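First up is the structure itself, then whatever we jot down about it.
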Amino acid sequence: MKKQKKTRPRWGLMGGSFDPIHYGHLLAAQAAARHCSLSQVIFIPTGNPPHKPIGLTAPAGNRYEMTLLATGDNPLFQVSDLESARVGYSYTFDTLTYFRNHYPQTELFFITGADAILDIHTWKNGDILTEMCHFIAISRPGFDLAKLEALPRRQRERIIPICISPIAISSTEIRESIAAGRDVSQWTPKPVLTYIQSHGLYQHRAEDMPPATVD
């Protein structure tokens, strides 16, 4: 009797500030899972991302807890505190190295916005990231996926572009709307909104916040 070839599990890794997490993030993860037959999508809220200004609006612990609340009712979704609990900057290279070392039999797919991938050369060890896993490039409103053709061929061959219906939601707009007292219930799950309200997050506009300091 011929043995069937054992298939490797396929995991999607979705990094981001999630400040706060919203329906756009969830729909992108669902589309990636469906398109690439992923067995699970692991959301990885960043701790201290090097490409963001010092002092995110919400602390890493709050963003991690909001991500748990937003994904808790979907068995396909998991949440990792690998980056939010990490001391120092959060680098995609370090995260991919961790998952490759701890789950060598798993096929990894890193999910991010297509516009962000154009800047992959600025990421830590960006020249080899696409050799470590596949990258899923989710379309963004106003972004032409054809721009990915500008990347080197060896990188393009490891990138899977996915076009989804335009979702005009941004975490920045949500934060600004909350600070202005506007309703954002159409943009983020109710448990997340309840958490934001109970913890007093995003009550002030960014320009009203005191400048961040570095010890």
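Since the model is a prediction, treat every value here as computed from it, not as a measurement.
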**Prompt:** Can we say R156 and E149 salt-bridge, meaning some charged N sits less than 4.0 Å from an Asp/Glu carboxylate O?
**Reply:** yes

**Prompt:** Do I111 and L13 pass the side chain to side chain contact (heavy atoms under 4.5 Å, CB included) test, and can you show the C-alpha distance, the side-chain angles, and the key distance before you say yes or no?
**Reply:** CA-CA 6 Å; I111 306 167; L13 307 178; over 6 Å; no

**Message:** Is the positively charged end of K124 above the ring of Y91, judged by distance under 6.0 angstrom from the centroid and angle within 45° of the axis?
**Reply:** yes

**Request:** Run the salt-bridge test on E176 and R182 with the 4.0 Å N-O cut-off and return the result as yes or no.
**Result:** no

**Request:** Hey, could you give me the CD1/CD1 distance between I159 and I136, rounded to the nearest 0.5 Å?
**Result:** 11.5 Å

**Asked** Passes side chain to side chain contact (heavy atoms under 4.5 Å, CB included), N62 versus H199? Steps please.
**Response** CA-CA 9 Å; N62 291 135; H199 287 74; 4.0 Å; yes

**Message:** Parallel, tilted or perpendicular: which one describes the rings of W123 and F135, with boundaries at 30° and 60°?
**Reply:** tilted

**Asked** What is the distance from atom CZ of R175 to atom CD of Q203, rounded to the nearest 0.5 Å?
**Response** 13.5 Å

**Message:** Can you tell me how the ring of W11 sits relative to the ring of F99, calling it parallel under 30°, perpendicular over 60° and tilted otherwise?
**Reply:** perpendicular

**Prompt:** Under the 3.5 angstrom rule, does the side chain of S177 hit a backbone N or O of V184 as a donor-acceptor pair?
**Reply:** no

**Prompt:** For the side chain of T188 and the backbone of I21, is there at least one donor-acceptor N/O pair under 3.5 Å apart?
**Reply:** yes

**Item:** Side-chain heavy-atom pair P20, R63 within 4.5 angstrom cut-off
**Value:** no

**Request:** For the pair S80 (side chain) and L82 (backbone), establish whether a donor and an acceptor sit closer than 3.5 Å, ignoring hydrogens and angles.
**Result:** yes

**Prompt:** Do T71 and Q78 come within less than 4.5 Å of each other through their side chains, counting heavy atoms only?
**Reply:** no

**Asked** Is there side-chain contact between N74 and Q30, with at least one heavy-atom pair below 4.5 Å?
**Response** yes

**Prompt:** In terms of heavy-atom contacts, does CD of Q186 have more than 12 from other residues, nucleotides or ligands at under 6.0 Å?
**Reply:** yes

**Side chain R140, main chain G113, donor-acceptor under 3.5 Å** = no

**Fill in**
Only residue of R154, R100, R158 satisfying salt bridge (Lys or Arg N to Asp or Glu O under 4.0 Å) with E131 is R154

**Message:** Using modelled atom types and a 3.5 Å cut-off, is there a donor and acceptor pairing between side-chain atoms of R10 and backbone atoms of E107?
**Reply:** no

**Prompt:** Step by step, would you call L26 with F77 a side chain to side chain contact (heavy atoms under 4.5 Å, CB included)?
**Reply:** CA-CA 9 Å; L26 302 177; F77 295 159; 4.2 Å; yes

**Message:** Check the orientation of H134 and F109. Use parallel for under 30°, tilted for 30 to 60°, and perpendicular for over 60°.
**Reply:** parallel

**Prompt:** Can you find a pair of side-chain heavy atoms, one from E65 and one from Y195, that are under 4.5 Å apart?
**Reply:** yes

